[in-house]
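Worksheet: the structure to be examined is printed underneath.
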Amino acid sequence: MTALKNYQMYIDGQWVDAEDGDSFTSVNPATGEEWARIPAATAADVDRAVNAAHRAFTSGPWSTMLPTERGALLRNLAELMKKHSEMLGRTETVDTGKLFTETRWQAAYLSNYYHYYAGLADKVHGATLPIDKPNMWAMTVREPLGVVAAVVPWNSQLFLVAVKIAPALAAGNTVVLKASEHASAAMLEFGKVFEEAGFPPGVINIVTGTGDPCGAALTSHPLVDRISFTGGLNAAQQIIRNSAENFAEVSLELGGKSPMVIFDDVDIENAVNGILLSIFSATGQSCVAGSRLLIQDSMYDQLIEKVAARAAQIRIGDPLDDNSQMGPLATLGQLERIEETVANAIENGATLVHGGKVPDHTDKGWYYEPTIVSCPSQNLRIVREEMFGPVVSALKFSDEEEAVALANDSRFGLAAGVFTRDIGRALRVTKAIRAGIVWVNTYRVVSPMAPFGGFKDSGHGRESGLDAIYDYTRAKTVWLNTSPDPIDDPFRMQ
Ligand code: NAD
């Protein structure tokens, strides 16, 4: 057994252990072996991190730095993301099981996010108001909020960090990042890259540990002004409660159960590729996974057969191997939950079309086959609960009205896919679906320029795009009396 790699947290520009020396281990999902030791932050560690962020916001070089200079630092970071993309990608792959082909590409692509917000840093401005009073000049200035608590899950950590910190820092805030206890290493490696970019101490602090005490201490801390959370429903509910302690603004990027609506006029090859992309890439461990497949009845059998045939060809294996096309699930708990939910669906009348088990050739790690389950109705748990794995439930619909009704019959509303060659229908269905992102004849495309976020229980607030930077600022209104005369004595009797 190889020695564990020891990591430290990044607080106030220093690399530190937890104050009580406590730690936990991180496991490689491809082998099931422990590979890294991570500090378990206490509430006192979190308090130090938040105070460091608060000091950096209120005093020190960051607080007086010109927006253009903040942009220049973000550009340094953007270039370093490309330089270190192999190292960052490899770490994320070892820690989460996500394919190295994807993680190293994604780490390099994140450079575009930092460049985009670097460019916006000196373009956030207020307005001069055409006010309804004589001798008054009124204007707004946009100011940063203060300390941002950014809490992220284990999947796509570096991406989720970028969409939070790039706009937050461009706007002049400081940040305390909380990594997921299931995969903290990539975030700590990112901290080294961030340090190399030349930001002053305290601008970003990275704490590691469990939801409670680490996450709870952070999101209820009185010096936190804004909470940006990505994760599941239970933690989100706790965080909303925590924010009653500090009245911090909260944005939530939560789970999904996104429908893929396939009409019978589609280009069948495009639809098959879209379905594979939506549910089996990243082993289905994606908040936007297209996990509810809705197919028009006249082409149901034909399409399901083709998707199953392609799913059977997906090469499952070591995520570090460029020949692998699907890696393992990130945790053993995930694997067990998925096995149980698939079994429950079959017991309740669903038919297994493909997959539904651990692949025969794997003897270690937490692998699961790409799985297609044909379902008689949307009442089954497999159709209603987020699976966060390579499992798709398939159902038939007869017409546009039924397709929209089924698509919207979910507590979630993060994303949807609509596949049709009829442009009028594409627009009608897109409008009718209650989801934050609708992809037409494509899926899973993201960009720094395009807002990202959900409807309903998928959360609120938007990340990426122009508006995200305004979200990390607030307006201050300034009134200026331009009259040469003294203001009226409010108590003089007329
Ligand atoms: P999770 O909710 O269990 O954990 C997310 C983070 O919250 C972790 O860092 C965790 O330690 C922290 N946390 C837990 N309890 C907390 C508390 N009481 N106070 C403060 N912090 C707390 O989620 P997970 O299982 O790691 O990730 C999977 C979930 O994330 C899925 O539901 C997925 O859909 C969602 N997700 C959403 C998006 C999006 O952009 N909408 C993106 C990726 C993942």
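Whatever order the structure lists ligands and atoms in, that order sets their numbers, starting from 1.
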Numbered atoms and elements of ligand 1 in range of [X], under 4.0 angstrom, heavy atoms:
X      : answer
Gly255 : 32 (O), 34 (O)
Ala216 : 19 (N), 20 (C)
Phe452 : 40 (O)
Gln238 : 18 (N)
Trp154 : 24 (P), 25 (O), 26 (O), 27 (O)
Leu160 : 42 (C), 43 (C)
Gly215 : 19 (N), 20 (C), 21 (N)
Asn155 : 43 (C), 44 (C)

Are any of the N/O atoms in [X] less than 3.5 Å from those in ligand 1?
X      : value
Thr210 : no
Leu254 : yes
Lys178 : yes
Val152 : yes

Does [X] have a non-hydrogen atom less than 4.0 Å from ligand 1?
X      : result
Ala179 : yes
Ser180 : yes
Asp212 : no

[atom]: nearest protein contact (heavy atom, Å):
atom                    : answer
atom 33 (C) of ligand 1 : Phe388 CE1, 3.3 Å
atom 10 (C) of ligand 1 : Glu181 OE1, 3.5 Å
atom 12 (C) of ligand 1 : Val151 CG1, 3.7 Å
atom 22 (C) of ligand 1 : Gly211 CA, 3.6 Å
atom 7 (O) of ligand 1  : Phe229 CE1, 3.2 Å

Carboxylate-amine/guanidinium proximity below 4.0 Å for [X] and [Y]:
X      : Y      : answer
Glu369 : Arg315 : no
Glu92  : Arg104 : no
Lys82  : Glu79  : yes
Glu86  : Lys83  : no
Arg411 : Glu386 : no
Arg337 : Glu340 : no

Is it the case that [X] and [Y] place a side-chain donor and acceptor less than 3.5 Å from each other?
X      : Y      : answer
Asp95  : Trp35  : yes
Asp47  : His221 : yes
Ser228 : Lys164 : yes

- Item | Given Asn205, Val161, Leu169, the one that forms side-chain contact (heavy atoms from CB on, under 4.5 Å) with Val175 |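 Of Asn205, Val161, Leu169, side-chain contact (heavy atoms from CB on, under 4.5 Å) with Val175 is met by Leu169 alone.
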
Compare [options] and give the one whose heavy atom is closest to [atom].
atom                    : options                        : value
atom 1 (P) of ligand 1  : Gly436, Gly232, Gly454         : Gly232
atom 32 (O) of ligand 1 : Glu386, Glu463, Gln285         : Glu386
atom 35 (C) of ligand 1 : Pro153, Gly231, Ser220, Cys287 : Gly231

- Task: Identify the heavy atoms of Val207 and Cys214 that sit nearest to each other, and give their distance.
- Result: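 The pair with the smallest heavy-atom distance is CG2-SG, 3.8 Å.
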
- Task: Classify the contact between Val288 and ligand 1 as side chain, backbone, both or neither, using a heavy-atom distance cut-off of under 4.0 Å.
- Result: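 Neither; nothing of Val288 gets under 4.0 Å from ligand 1.
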
- Task: Examine the proximity of ligand 1 to Asn242 and report which part, side chain or backbone, both or neither, has a heavy atom under 4.0 Å away.
- Result: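 Answer for Asn242: side chain.
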
- Task: Spell out, as yes or no, whether a donor-acceptor pair under 3.5 Å connects the side chain of Thr331 to the backbone of Gln334.
- Result: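 Yes.
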
- Do any N or O atoms from the side chain of Thr208 and from the backbone of Pro39 form a donor-acceptor pair under 3.5 angstrom?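 Between the backbone of Pro39 and the side chain of Thr208 there is a qualifying donor-acceptor contact (under 3.5 Å).
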
- Is it the case that Arg226 places NZ or CZ above or below the six-membered ring of Tyr472, under 6.0 angstrom from the centre and within 45 degrees of the axis?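 Yes, Arg226 sits over the ring of Tyr472.
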
- Kindly state whether the ring of Trp15 and the ring of Tyr10 have centres lying under 6.0 angstrom apart.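 When the ring centroids of Trp15 and Tyr10 are compared, they turn out to be within the sub-6.0 Å range.
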
